[in-house]
Protein chains: 2
Amino acid sequence: MPIICSGWALSAVMLADGSRQILSFLLPGDVVSPCLMFEPKPTCFVEAITTVTYRAFDRAGLWQLVAANPSAMEAMARVWTQQRRRAEELIVDLGRRSAAERIARLILGLVERLQERGLTSGPLEIDFPLRQHHIADATGLTPVHVSKLLSEFRRRELIRLSERSLAILDPAAFRAAANMR
Amino acid sequence: MPIICSGWALSAVMLADGSRQILSFLLPGDVVSPCLMFEPKPTCFVEAITTVTYRAFDRAGLWQLVAANPSAMEAMARVWTQQRRRAEELIVDLGRRSAAERIARLILGLVERLQERGLTSGPLEIDFPLRQHHIADATGLTPVHVSKLLSEFRRRELIRLSERSLAILDPAAFRAAANMR
DNA sequence: CGATTGTTTGATGAAAGTCAAGTACCGTGG
DNA sequence: CCACGGTACTTGACTTTCATCAAACAATCG
């Protein structure tokens, strides 16, 4: 059970034709794969996006800790439910939202998670190591289409995105774009 | 923590514009909402499709059982991982597969789950209470498009679907249609 | 029987994918 | 220092997939 200490990673599944779907981005503080607590064989793979440092904990030891310590169990439960909730949101996004909404929501979700952990580089600004093909694989789109929609966001001055840095320039309008339905 | 005894139900999220996304179909033997084990407040809602009977277990009692009994813990872990795996598959389907593939995979998944539980009405035949709008809400499509693709499957004699009963006529070809990429 | 809900079908439109060409940005080696 | 290659990004033309709209039909139920 590794936990990310620094850097970004992703977990994804690969399909037969070479396309892939990213299940989640892993930020500092995230448990790489909470399902590993139960199931040793992973169903997806994990890949570093930036240089990543992590610490690994062993399952048996964690189980002992959890059995002995109710607050550890609660912490574990929080991780589980949070992960579950994020998976459900992704299902809704992929099933029922437009390309622009999916991209905007992905960005907002990442910014919020970094804010919670105090990893921002400004009020609404973060280091943003994702390539457009990462965004495409996470939102179920093509890199070309992602490029067009990001250009559109820039043209409307909702975000600034350059040199691996992202800022939300117009939070209200950008949130609106993320919630159009 | 209710468990379905008979009938079909669904869990879903509703969006602001009235469209909805079905997260999973609940068949006899399914735990309605494993996340309820941790989190009392549900993030989605549950709805009956047919007449449903269920038994409810209370969280506190289950926790005691799990703490005392390692095999109960293992059973719980199985439910959790299975649910997680199904969520991941749905993400991949919605993100990276065509409409026809999504529908075929949904049907195959349901048939397999009923087979595991011995709830089939024939070798490759099941009672099928879903309306086309259920299929649409589960696959992120419109009912109209679902109708067209089901007609296509029928025309190619891959399935028979009438009077709330479904049979897979050509398993090999139907599986191929579910796995085109 | 009428009313409601579900399904089919066709015509049309919008969203996203594909293809292709061109640009910018490195890192490498001469 | 600059040429070279590779990767990422941009942009436009065109195609495909799926949504929308509308009309007709079928089934179900009070």
Side-chain angles (χ1 to χ4, degrees), chain A residues 8 10 15 17-22 47-51 93-107 128-156 159-166 177-178 180-181, chain B residues 8 10 15 17-22 47-51 93-107 128-156 159-166 177-178 180-181:
Chain A
W8 291 36
L10 62 84
L15 275 80
D17 70 341
S19 69
R20 69 177 187 176
Q21 175 65 45
I22 294 179
E47 185 181 298
I49 296 170
T50 66
T51 301
D93 288 352
L94 293 175
R96 288 297 180 203
R97 292 189 204 273
S98 71
E101 288 171 283
R102 288 184 225 173
I103 295 174
R105 295 175 71 85
L106 170 64
I107 290 174
F128 192 79
L130 297 188
R131 304 278 153 175
Q132 293 186 356
H133 77 260
H134 291 124
I135 300 178
D137 287 344
T139 53
L141 302 168
T142 56
V144 178
H145 200 52
V146 170
S147 169
K148 287 173 184 172
L149 292 172
L150 286 178
S151 298
E152 175 72 10
F153 284 146
R154 278 190 279 244
R155 196 189 55 71
R156 292 165 56 194
I159 61 172
R160 183 176 53 66
L161 175 53
S162 56
E163 296 154 49
R164 309 299 126 203
S165 160
L166 178 144
M180 297 209 298
R181 70 186 59 193
Chain B
W8 291 36
L10 62 83
L15 276 80
D17 70 342
S19 69
R20 68 177 189 176
Q21 176 65 43
I22 293 178
E47 184 181 299
I49 296 170
T50 65
T51 301
D93 289 351
L94 293 174
R96 286 297 179 205
R97 293 189 203 272
S98 70
E101 289 172 282
R102 287 184 227 173
I103 294 174
R105 295 175 72 84
L106 170 63
I107 290 174
F128 192 79
L130 298 188
R131 304 279 151 175
Q132 294 186 356
H133 77 261
H134 291 125
I135 300 178
D137 287 344
T139 53
L141 303 168
T142 56
V144 177
H145 201 51
V146 169
S147 169
K148 287 173 184 173
L149 292 172
L150 287 178
S151 298
E152 175 73 9
F153 284 146
R154 278 191 280 245
R155 195 189 58 69
R156 291 166 57 194
I159 61 171
R160 184 175 54 65
L161 177 52
S162 56
E163 295 153 49
R164 310 299 125 205
S165 160
L166 178 145
M180 297 207 299
R181 67 185 60 193

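Values in this document were obtained by computation on a predicted structure and should not be read as measured data. Here is the naming used below: chain letters follow the sequence lines, and residue numbers restart at 1 for every chain.
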- Message: On DNA chain D, compare the nucleotides closest to A:R96 and A:R131; which residue's is nearer the 5' end?
- Response: A:R131
- Message: Which is more 5' along DNA chain D, the nucleotide nearest B:H145 or the one nearest A:P143? Just name the residue.
- Response: A:P143
- Item | pair B:L150-B:I159: side-chain heavy atoms closer than 4.5 Å | yes
- Determine whether B:F153 and B:L161 make a side-chain contact, defined as any pair of heavy atoms from C-beta on separated by less than 4.5 Å. no
- Message: Has A:R96 got a side-chain atom pairing as donor or acceptor with B:Q21's backbone, closer than 3.5 angstrom?
- Response: no
- Query: So, B:R105 side chain and B:A178 main chain: donor-acceptor pair closer than 3.5 Å or not?
  - Reply: yes
- Nearest-nucleotide check on DNA chain C, B:R181 vs B:V144; residue mapping nearer the 5' end is B:V144
So [X], base contact, sugar-phosphate only, or nothing? Heavy-atom distance under 4.0 Å.
X	answer
B:R102	nothing
A:R164	sugar-phosphate
A:L150	nothing

- Task: Could you list where the contact with chain A starts and ends along DNA chain D, reading 5' to 3', using a 4.0 Å heavy-atom cut-off?
- Result: D:dA8 to D:dA13
- Message: Going 5' to 3' along DNA chain C, between which two nucleotides do contacts with chain A fall, using a heavy-atom cut-off of 4.0 Å?
- Response: C:dA16 to C:dC19
